[in-house]
**Q** 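Got a structure for you, questions after.
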Amino acid sequence: METKMNDSKPVDTSSLTGDFRGGAISFLVAVPLCLGIALASGAPLFAGIIAGIVGGLVVGLVSRSALSISGPEAGLIVVTLGAIQALGSFPAFLLATCIAGLIQIGLGFARAGTISNFFPSSVIKGMLAGIGVMLIIKQLPHLVGYDADAAEGLALFQPDGFNLSEQLRMAMSQFSLVAVVITLLSLGIFYVWERPAFKKISFTKNVPAALVVVVLGICINELVKLLLPERALSGNHLVQLPVPENVSAFFQLFTFPDFSQWSNPLVYTSAVSIALVASLEALLAIEASDELDPLKRKTPANHELKAQGVGNLVSGLIGGIPLTSVIVRSSVSINAGARTKRAALLHGTLLLVCVITLPTLLNKMPWASLASILLVTGYKLARIDVFKTTFSEGPARFIPFVVTVLAVVMTDLLTGIGIGLVTGVFFILRDHYRNTHYVRTEWESDIKRIHVSLGDHVSFLSKAKLVKLLKSVPDNSILEIDGSNSSFIDNDVVLAIKNFGISARQRNIELIFLPGPATDQAPIYTSKELFNTYRHKNPKIGLRGVRSTSING
């Protein structure tokens, strides 16, 4: 007994240490990102912290994923910003978030966990790249010190016209040298942190660049405040979280949904948008987390949808923005040694403690620092390598990718995904049309023999191309259509072949059609002699047990 206890103790200790390091480091990454994503979403800053706490504690408890960590995610920024602007009220948006959570729970019970499989990967990449482009555009005013609320509504097209140049002009009119210095140094830190030589240093391995950027921004501004007070960043150039005097005051900071908006159709439209994007992001993230798991555990997708739904329901009820599984935090936690969901629970606990005990310190963070973090996040989503890799995969993948990027940037996330999906389906149907069958031609004496091998799945979409081929068959030839490897042949295709067989006899074309055993179709041939000859050359035909019928009776 003692031996067993001694044997198991090191394993438990190792897991606990790794989970602690993973939870602590993911917490350090989460603090600036929760605030930055709330900023970019046009939501109260505290709403981002709430979502991070709920993602760590509530989803961490309900989820069966060992390593995934949930919270606010960059992919939800555009849909959150659009919903808040459409509803015109943050409490109304919170009601939409609650309903989105209920929809996700319903999707989990409906076993819709495979929904991500129906989206072409090129469209998913385009969605993420489009979000990245919008993130970069939205941060440009903040990088030079323009932190007015108007910058949060930045979009390429507005109902009152194109306003990008106007926003940038306003930003330059409020140019801040301190903000620019913080921005340049912050971007320099991100660059250095990615250098192979620096990645080998233990400090850069264990301390995330985002934390260093935030600390540096605070130190620079505090130093300027001492030396040149008139130049220091203040007011809306800094984070402005409410500072509760005690725990009771802390709970008074929470915002609650406006249930009087339950009859507003825009609430339900927004809820569907949030639920679909959050669910898709979560399913993709847990797949990635499972791939990174050293123990190769598999997260049940349908249960994860329920867990994310519970998280969004709770987040909406207490004033948080939507959340989903976040691959960035999950991967950071895994790389730090996390092996169980204790890391996610610790991540949420540290966030909760931080906002209760350290709000004054958080309020010293310049927006330029957070904008730098989001700018780098946007670049990682829309980096040049993604475009190059997708381009090398051919037009069928690159065109839907680019269309999705442009549609997301020019419209909104849900519309962009829809346009990209239609484009992707078009290319799928085009490839299906092109790969209907394969033709091989031989000559026997002066007679042309045409071999047509049908694909695995021959649907009605294949009919047009096959009919075109049948019309091109010359008189006095032999046509052999082999569907023996097809798992499905549509009845419309079989009927087209039968109709051709009737006219083939008049043109002295010998036809034999061999359907697959799974299609429940009998072979078609233009003469009894031809079938007997073909069966003699191919004995397997006689073993199929499929009744043979002759076109000419």
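On a predicted model such as this, the values are computed, not experimentally measured, just so you know.
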**Q** Could you state the interatomic distance from CD (E393) to NZ (K388), rounded to the nearest 0.5 Å?
**A** 14.5 Å
**Q** Under a 3.5 Å distance rule, please check whether S392 uses its side chain to pair with a backbone N or O of T389 as donor and acceptor.
**A** yes
**Q** From L361 CG over to I218 CD1, what is the distance, rounded to the nearest 0.5 angstrom?
**A** 5.0 Å
**Q** Determine whether more than 12 heavy atoms belonging to other residues, nucleotides or ligands lie under 6.0 Å from atom CZ of R297.
**A** yes
**Q** Are F254 and F46 close enough that their ring centers fall under 6.0 Å?
**A** yes
**Q** Is there a side-chain contact between L57 and T349 in this structure, where contact means two heavy atoms from C-beta onward sitting under 4.5 Å apart?
**A** yes
**Q** Any side-chain to backbone donor/acceptor pair from T324 onto A282? Under 3.5 Å, distance only.
**A** yes
**Q** Could you tell me whether F20 atom CZ has more than 12 heavy atoms of other residues or ligands within 6.0 Å of it?
**A** no
**Q** Does some side-chain heavy atom of I49 sit less than 4.5 Å from a side-chain heavy atom of L35?
**A** yes
**Q** Determine whether F387 and F401 make a side-chain contact, defined as any pair of heavy atoms from C-beta on separated by less than 4.5 Å.
**A** yes
**Q** Side chain of N312, backbone of L323: donor and acceptor closer than 3.5 Å?
**A** yes
**Q** Taking atom CZ of F256 as the centre, report whether more than 12 heavy atoms of other residues, nucleotides or ligands fall under 6.0 Å from it.
**A** yes
**Q** When rounded to the nearest 0.5 angstrom, what is the spacing between OG in S89 and CG in L266?
**A** 12.0 Å
**Q** Would you sort out whether S63 and E304 count as a side-chain hydrogen bond (donor to acceptor under 3.5 Å, both in side chains), showing the intermediate values?
**A** CA-CA 6 Å; S63 173; E304 185 64 22; 2.6 Å; yes
**Q** Answer whether the closest heavy-atom distance between the side chains of T97 and I274 falls below 4.5 Å.
**A** yes
**Q** Check whether any side-chain heavy atom of S68 lies under 4.5 Å from a side-chain heavy atom of T299, and answer yes or no.
**A** no
**Q** Is there a side-chain contact between L238 and N363, using heavy atoms and a 4.5 Å cut-off?
**A** no
**Q** Are F93 and P322 close enough that some pair of their side-chain heavy atoms sits under 4.5 Å apart?
**A** yes
**Q** When you measure from the side chain of Y268 to the backbone N and O of S263, does any donor-acceptor pair fall under 3.5 Å?
**A** no
